[in-house]
Every structure is written in C-alpha cells, then in structure tokens.
2 protein chains.
Amino acid sequence: MEGDLTLRLRIFDLNCWAIRYLSKRRQERIQLIGDMLRREGFDLVLLQEVWSEQDYSDLKAKLGGCYPFSHYFRSGVIGSGLCVFSRFPILDTLLYQYSLNGYPYMLQHGDWFCGKSVGLLGRCWHGGHSHFTPPASHQLHAEYCREKDAYLPHRLVQAWELAQFIRHTSKAADVVLLGGDLNMHPEDVGIRLLRGWTGLRDAFAEAMHFEGCEDGCTLIPNNCFTVKTELLPFPLGIRIDYILYKAISSFTVKCEELKTTTGTAPGMDIPFSDHEAVMATLHIQRQGQAVGATLGTAEPMLANVVMEARTEVGVGLRAAQRQRYSTGRMAVLALLLLLLQAVAALGVLAGLATGQPFPKLSFSLLAFLAIGVLLLSTGLHLFHTIEVKMLQGTEEQMRMALRALQERP
Amino acid sequence: MEGDLTLRLRIFDLNCWAIRYLSKRRQERIQLIGDMLRREGFDLVLLQEVWSEQDYSDLKAKLGGCYPFSHYFRSGVIGSGLCVFSRFPILDTLLYQYSLNGYPYMLQHGDWFCGKSVGLLGRCWHGGHSHFTPPASHQLHAEYCREKDAYLPHRLVQAWELAQFIRHTSKAADVVLLGGDLNMHPEDVGIRLLRGWTGLRDAFAEAMHFEGCEDGCTLIPNNCFTVKTELLPFPLGIRIDYILYKAISSFTVKCEELKTTTGTAPGMDIPFSDHEAVMATLHIQRQGQAVGATLGTAEPMLANVVMEARTEVGVGLRAAQRQRYSTGRMAVLALLLLLLQAVAALGVLAGLATGQPFPKLSFSLLAFLAIGVLLLSTGLHLFHTIEVKMLQGTEEQMRMALRALQERP
C-alpha cells in the first residue's frame, strides 16, 4: 500500500519568450518546445510568455496525446502568457491578477499590458487516491535596470500578493507547487519574502542531484538570444526562473533531481528560448501523521525580511504620492489655462475687446493642447491614485504581518 | 467541555451609502451608526460604501473600545469602501479585485472607479480554542436598469470570481461567512450561482426567528433615502444585502435569528443608510467528526444554473467583441484621416499644390479632432480587449465546471 502513496512528479518550467513579431525564430522554437515536451513526457508543464493564443493552440494540438489536460489563462490586453499542460485532470482554475504591474505609459516595457498574474490549478487529481494542489505558473514584473530599479516596489507588491494568495489558497492542499519566471535573483528581498512568508522551498537549493548551468542560472550569456550587455555584471548569468514547492498536510516532498537546459537545445542549433528551462523531479510521499504548516524562515529573520520589504514599498509609496501630486497639479494648471481662454473668448464674443486680440489658429491650437494635457494628466492622476492606494494597502498588510510575527509566542 | 466549543456570533452588515459630498446627511448617519454599533456590541461588523477614509478613522476612534480590531480595504481610485470591525483579532487580510467592474466612461455610474472587491479576513481568532475564517465583506456591480441590464455579464463574472475565490480560500476554514451588498435579488442567476457553487446558505432563508422588513427586504420604499421610482415595480422593496454562511470541517452553523432595520433608525428621525442593515445571530458548534464539503445545490440543478450564467456571459462576450471591433475601426479611421492630412500638408509644403487649399484653422482643428478620436478609441479598444479576454476566461472556467459537474459519478 505504501508504494501506492508515493508519486514521482516530473515538472517542466520555461519562460518561452514567444512574443509575436518581436521574438526571434518564435514559431520554430515553439515547434521545438512541443517536440521535446512530447518526447520527454513530463507530468506537468508550466509555460510563461506564450502571448499568442495561436501558439497555445498549436502546442495543445501537438501535445493532446501525452498531456490530455491543459489551460490557458486569459488576462490583460495581450493576455497573461501563462499556460499549463498536464497529464492529470485540471478540475478548477483561478486567476489572480496583481493589483500593480508597472505603468501603461512605459510602452517600451509593456508589462502593464500583459496583466501579469498567478494562475492557480485547483485539485489536479492524480490517479484515484490523492490530489496535489495548487501548481501555479506565473511571472512577476520584469527588472529593466538593477541599479535604479523603478519597478522594485511593484514587484514587491506582486511578491507579497503572490505569497498571500498562496497562503490563503493552499491551506487544504497536500502539496503546493509554484513554477515560473519570478524576475528576481535568489538573494533579492522579494524572493526571501515569498519563500519566508509561504514556507516554499527552492528546488535548486534542495535538489539531491543537479545538472545544468552553473549556479542554476536561467539567463546565461551562452544563450544566443540573451542581451549580452545586460548580463555583463554577471559572467555566469542570473537565476530568475524557479520551481518552488512545499508539502502541507500529511505529505513530504523531496527534490530528487533538478536540471536546466544549457543554452542550445539538445541536438539543435538554437535554444528553446532566451531563458533556460527548469526541470525538477519531485518525490512526493504520504506520511502517517499530519505535519503542521510552517513558515519558511525563522521568525525573527522573517520579521527582518518583511520590514525590509515594507521599507522598499514605503519608498515606492512616496514616489507614487509625488507623481500623484505633480500630475494633479498639471491637470489643474491645464484647466486654469482653458478657463482663461474661455473667458478671453467670451470677452471677444461679447465685444469687450475690439478687433481680434489673438490669432485664431494659435488660440485654438493652445486650447487643444490644454485639453490634451488636461485629459492626459487626469488619467495619470487617477492611475497614480490607484497606485498609492495599493501601495498603502500592501504596507498596511505588511505592518499587520509584522505585528503578528512579533506577538507570536 | 462541550460548552466551550459553542459560539454565538452576532454579525452586523450594512451598506453605509457614505459618499462624500453626494450622500445626504452622511456625517450625521456615520455618527449614528457608530453610536449604535458601540451600544449593541456585535462580534463582527461588515460595512460597505464607507468611501472616505476619514469616516473610517472616525468610526475606528469611536469603536476602538468594543471592537479593538478593524481593517479598511484599499483599492481602485476611490477605494473599495469595505471595512470590518471585529471583537476578535484579525491576523491576516487579502483583497481580491474583480477583473471586470463596469466601464470607466460610464461616469454617472462610477462603479469602475470604486475597484469593487471582496475583502477576506483570514484566521479571525476566537478565544483560544478555535478559529473561524474567512468572513468577507464585499459588494458587486450595481444594477441600474433591471429590464435592460447592461452590467449583468460583469456582475456574473464577479459572482463567479467571488464563488471561486471563496472555494479556493476556504478549504481549511471552519466556518465561512460572507456579508455584503450583492446587488442581486435572491432569485437572480448570480445569487443562485454563488450559493450553488460555494454551498453558502442564506441566513434569511435559514433563520429560526426573523424580525424586520417583509421578505427581508433591504432596499424599501419606506426609507426616506431610497429612490422611490426605482422601487415602483417592487412595492415591498427588494432584498440585495445578504449574510451567507457555511460550516466546512467539523463545525455546524445555525442561524438563530435574523433582523433588519425597518427604515428609520430606532429612536431617530433618519435611517442609518439608504439600505437596511442586516443582523444575524449564528450558533456555531463543533461536532465530533468532520463533515465533507458539499455543493449548495443538487448537481443537475447546479449544472443548469452554471449553464444559464454561461449563456449570459456569452451574451456579454459578443457585445464586448462588437464594441472592441467598432472602437478598433474608429481608431483606424482616425489614423487614416490623420495620414491623409499629413500627406496633404506635405504636398502643400513641397509646393505641389498652389496657394492654400484648406483654411489653416479648420485644417488644424480637424487634425486635433482626429488625434482626440484616435487616442480615445484606442483607449476604449484596449479596454474592450481586456473585457473580451476576461469574459472568455470566465466562460472557459464555467465550461470546465460544467464538465466536472457532468462527469462526476
């Protein structure tokens, strides 16, 4: 009977970098990924940045035989880019969209349009005797400049929301799995917060056997699609794609093996993506007695991490408040200019001024400019108002968490 | 020992209608509400439409003595309006913002700006021996016209997301409580969906003793703040504020008593709000053995409800697709006009046309108009693209739920 209660689970995770018209050799790579997934027969495949639903459909058609169950998470303007293929039935899904995700006017970064989210698969049944839930595939806001990272507060809000989401949805789960591109280095405060607050363990750190890029890096200079200049400070590359896990009730999970791809795909002349794939083999076993849920980090240390994150969120909050103020002031100025123009125009109409004091063309151009500035700055003001609210909300939640941590016996 | 495991929980729920500058006699009513809450000493107070944080702070200052724990949920431009006061510690909160919530350009309805959400209180500890979680306070999109309800698909998406959120976050809870203004009549498909899919029970229907407005109505003609014309088809009023509950693990919950206010507040000349307050006394008891979680409605009936909801979401999806198409077409037309103007202007500059073929003023006015239309229609196109994605996602989830319901033995 003991044998029945043991499960070896092979998980594949990859940021596919499949942006229509922008990503190099996209279709060819999607085909390669599909072929490899069919050949390897994983149990669970978590993909990110599959932005085109057509690519998902192609993969689904190809993989239907060995992965009969799949789901594509829709969100944002472009989509979430998240999809999952599974050997086990997916009975239920839930998408949690982060409340902050960059700025709509940062078109060159585009994160805002993606609706970055965490997708949850509830009750992924295995065989007839057990279930493990929820494996989630997700992606946080990208880091564009490590030295002056304007998105750090947003990414921390996302890491916090992700951690809270996992805590609240996984209470009755046997095993929690989280795979995805977290856009954070292992020692970053966001990762420490996520791991500490959820108790998730890092498959790379726990693996009994590892094979792949040095230090488990998933963005390496050796990959022909990566931007070499961005990796200059990191000669080995960086590790930002993770498979995290924990057992909750009467189960234990061990990571038997972790592998990454190492640039070029085996037997091919190109890599699958600009990221390396992460592949974990987990050994899941049911134990006699339930083990209580635990936090990941010793509590005084965890309190420090939460405090550090809260400080960063506070920095972001003050920046957002400044932007809310300056956009609001800009809107008021534009409104004043418009009113002034209206008064002047009415004066001319009423015959108060003789002749034509302003050239008509510049007068109307100025009015249109003022309207444009008014609309734009009002929009931005609303946006930064939301940003301030969400940052305040997160800071408040973190404060509550700190209090709970400190009051605990 | 049995006595220790019994809890009588008194819950208060009210949509406070406290919109700054708009709601009549707001400050006076907030004071009245505060006085009454302090006098009555409920265990848990769920308030909606407390839009001003100042009002929340005033209430918090007044109620600190009898409700030492409280939380205000921040979201959207204006806020979520949700807050909770509790006799028991609130150790953890989570806010889930619905993915769809009306249209930003429907300024007169304003739902979009509110960031309607469900707020979750995790692990609300009671004494030392048990915990009940998660009581949630929340509000769905308002219904402005029952005959031609353009917001029905959005409200159904919200009802579905709310139900999914409750299912996924309540698995390890002992007792689930949900209180709030659902903006749906008891027989509406959204309520049937929410109750059927979560198994939540309606305190009004289950109450052993009821006292208050006929049929438990919470929006009644007898209240001096309600809009009488809206209630013309319903001489008794309508019931749209609910307290719902269910026991999950080894607990049972019974509703001993349900009360509503009946217009004017006791001993006052005005009501607390345009809504009536709902007050429930729940009797919570721990049983020897765990009871499995159940759905609320017999499964074939539930399948019908999900199918009905899915049809309505499909109607909304097609409307959103039409709007996405027409705003996209408008943007393309505006862009073409701009290009045409640019070509004409270049022609004039290059000296191809002799003289001045267009009056400068109308020419630039037209250009500005085209830019305005282009920006506006692009914005709307993006918005409706998100709407389509979210409706498709919900339809897909409902399809999955239907399949699971039909396949179940």
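Hydrogens, waters and symmetry mates are skipped; everything else that's a heavy atom, side chains included, is used. Here is how names work: the chains are called A, B, and so on, in the same order as the sequence lines, proteins then strands, and each is numbered from 1.
Note that CD of A/E53 is 6.0 Å distant from CD of B/Q392, once rounded to the nearest 0.5 Å.
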Quiz prompt | Evaluation steps, side chain to side chain contact (heavy atoms under 4.5 Å, CB included), between A/F368 and B/L365 | solution = CA-CA 8 Å; A/F368 271 103; B/L365 283 184; 2.9 Å; yes
Practice problem: May I have the step-by-step check of side chain to side chain contact (heavy atoms under 4.5 Å, CB included) for A/M400 and B/H71, ending in yes or no? | Solution: CA-CA 10 Å; A/M400 205 185 282; B/H71 188 73; 3.1 Å; yes
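Residues passing the side-chain hydrogen bond (donor to acceptor under 3.5 Å, both in side chains) test with A/Q54, sequence neighbours excluded: A/D58. Checked against salt bridge (Lys or Arg N to Asp or Glu O under 4.0 Å), B/R399 has the following partners two or more places apart in sequence or in another chain: B/E396.
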